There are 2 protein chains.
Amino acid sequence: MSTPLEKARKDPESMKARILAVARRIFGEYGFHGTTTRMIAQEVGIDISTLHYHWGGKKDLYESVVVDINKDLGQELIEAEKAIHGLPLAERLAISIDMMTDYLFANPDISNMILFRYFGKTRYEGNLDFSVPEFTADIARSMGLARDKKNAPPETMMKVLAVMNSIHAFISGENFFCPMVKVDRERYIALVKETLKFIHIPAFTQNEAK
Amino acid sequence: MSTPLEKARKDPESMKARILAVARRIFGEYGFHGTTTRMIAQEVGIDISTLHYHWGGKKDLYESVVVDINKDLGQELIEAEKAIHGLPLAERLAISIDMMTDYLFANPDISNMILFRYFGKTRYEGNLDFSVPEFTADIARSMGLARDKKNAPPETMMKVLAVMNSIHAFISGENFFCPMVKVDRERYIALVKETLKFIHIPAFTQNEAK
DNA sequence: TTATTTATCCATCAAATGATTGAATCACAG
DNA sequence: CTGTGATTCAATCATTTGATGGATAAATAA
């Protein structure tokens with residue numbers, strides 16, 4: 001038994017997968033209400049009825065995108081956790097920031113979609129959600145800020161959120177910030193990493209010293 | 001000569017002003033495409049044609065909201081600058097964070113609208129913009145990070161952006177983060193201030209020491 | 001009062017948009 | 001080849017949504 005989403009993830013050439021990939025990008029750029037099924041279909045190069053044939057309705061497609069992104073992000077967080085295992089906090093932070101920044105710049109849909117969910121409301125009765133709370137607790141534990149994922153105090157959760165948010169903001173805001181600071185994309189990415197480390201590492205390491 | 005917006009700002013009881021206030025909130029919550037003129041009209045308790053009578057079209061109203069918010073935010077930044085004038089950097093940061101957090105929690109439309117503009121695209125050819133670049137350069141100078149507003153290097157701009165973004169994110173994400181960390185609104189606001197200071201003050205003060 | 005401007009609402013339009021139907025096409029097992 | 005199911009598309013529908021016109025009422029001027 002495999003859901004439509006699982007099929008699409010296995011065969012990236014399939015029509016299902018092509019639609020899903022475009023939907024991720026467009027939903028991320030324009031949000032749920034700013035995206036029309038026609039925009040997605042046109043980008044894929046198919047008729048809207050074909051889109052409906054594969055994914056049902058707009059909401060179904062949107063929810064599949066959410067699940068898809070949850071899986072990708074969860075997997076990348078596991079990768080990051082492996083890479084930093086056993087290292088001191090400052091290095092854990094630096095490596096995590098580098099990894100997550102590179103990954104999210106390569107997959108900006110993820111940051112886009114998550115920020116839309118944080119900050120905007122949708123006009124339909126959807127109860128599907130991103131796994132951000134679980135991820136956040138996981139990161140807190142992985143960073144050594146909480147004993148276990150059940151037990152992260154609000155202060156710790158907030159600190160982790162601050163780090164994650166600042167990454168997403170720079171990724172998703174590239175189109176706005178890049179011309180604003182007058183640098184090209186490559187330089188911007190380097191600046192993001194540099195700035196994130198400048199901001200976050202002192203906070204956590206200074207407190208560790210105490 | 002006074003524009004419709006100026007009239008509305010002078011008399012908050014006027015129909016123009018009531019519509020504008022509701023539009024700020026709803027555009028901030030649902031974004032441009034997620035908001036319908038009917039939603040706004042219904043919230044105000046009037047017919048859509050009355051809304052069009054006062055503000056023209058949806059885009060006109062939206063752009064008036066942007067200008068309105070720019071004015072409010074610009075004025076508050078001037079207030080903040082007065083309050084921190086002459087103090088050492090750590091205090092300037094702490095006071096600014098407290099002031100801006102209180103102000104934006106009282107006016108979440110501002111953070112909402114700005115974040116929508118950062119992270120999302122709109123499907124219409126609008127060239128109106130928020131004054132974020134100017135504000136950012138102003139803050140850089142006011143914080144003593146740049147000699148003058150013309151001369152803020154990219155690194156400095158990025159740092160200021162990081163601070164502003166983290167404030168907006170916690171304001172605008174209240175509905176998401178508050179239940180996530182399982183605290184009530186009052187405690188959440190306190191946590192936001194605490195977290196922002198924890199994150200940002202060490203970064204800037206440590207570097208100052210060098 | 002009367003006339004004129006301002007403001008509001010009801011009814012309606014035209015375009016956009018999510019969705020469906022049914023015919024045509026394709027893939028491929030038998 | 002033939003038939004069967006899967007896939008795609010053109011045409012169309014129903015609803016939503018931005019917008020307008022005209023009637024009505026309220027405020028204001030004369």
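None of these values were measured; they are calculated from a predicted model. Convention: sequence-line order gives letters A, B, ...; per-chain numbering from 1.
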Student: Using the side-chain contact (heavy atoms from CB on, under 4.5 Å) rule, pick out the option among A:L191, A:V192, A:L196 that qualifies with A:E194.
Tutor: A:L191
Student: Looking at DNA chain C, which of residues 29-50 of chain A put a heavy atom within less than 4.0 Å of it?
Tutor: A:T35, A:T36, A:T37, A:R38, A:I48, A:S49
Student: Starting at CH2 of B:W55 and ending at C1' of C:dT8, how long is that distance when rounded to a whole Å?
Tutor: 17 Å
Student: Whole angstroms only, please: what is the CG-C1' distance between B:D60 and D:dT20?
Tutor: 15 Å
Student: Tell me whether the guanidinium CZ or amine NZ of B:K58 lies under 6.0 angstrom from the six-membered ring centre of B:F32 and within 45° of its axis.
Tutor: yes
Student: Starting at atom NZ of A:K59, determine the distance to atom P of D:dT16, rounded to an integer number of angstrom.
Tutor: 11 Å
Student: Ignoring backbone atoms, test whether A:Y53 places a side-chain nitrogen or oxygen under 4.0 Å from the OP1 or OP2 oxygen of D:dT7.
Tutor: yes
Student: Judged by atom type as modelled, is there a donor-acceptor pair below 3.5 Å linking the side chain of B:T101 to the main-chain atoms of B:K193?
Tutor: no
Student: Rounded to whole angstrom units, what separation is found between the CG atom of A:L51 and the C1' atom of C:dT21?
Tutor: 17 Å
Student: Phosphate oxygens OP1/OP2 of D:dT8: is one of them under 4.0 Å from a side-chain N or O of A:H54?
Tutor: yes
Student: Walk me through it: do A:R141 and A:D148 pass the test salt bridge (Lys or Arg N to Asp or Glu O under 4.0 Å)?
Tutor: CA-CA 6 Å; A:R141 179 193 46 72; A:D148 56 282; over 6 Å; no
Student: With distance as the sole criterion, is a donor-acceptor pair present between the side chains of A:S166 and A:H200 under 3.5 Å?
Tutor: yes
Student: Do A:K159's NZ or CZ and the ring of B:F198 fall within the cation-pi criteria of under 6.0 Å and 45°?
Tutor: yes
Student: Of the options D:dA19, C:dA7, C:dT20, whose atoms approach the side-chain atoms of B:H52 most closely?
Tutor: D:dA19
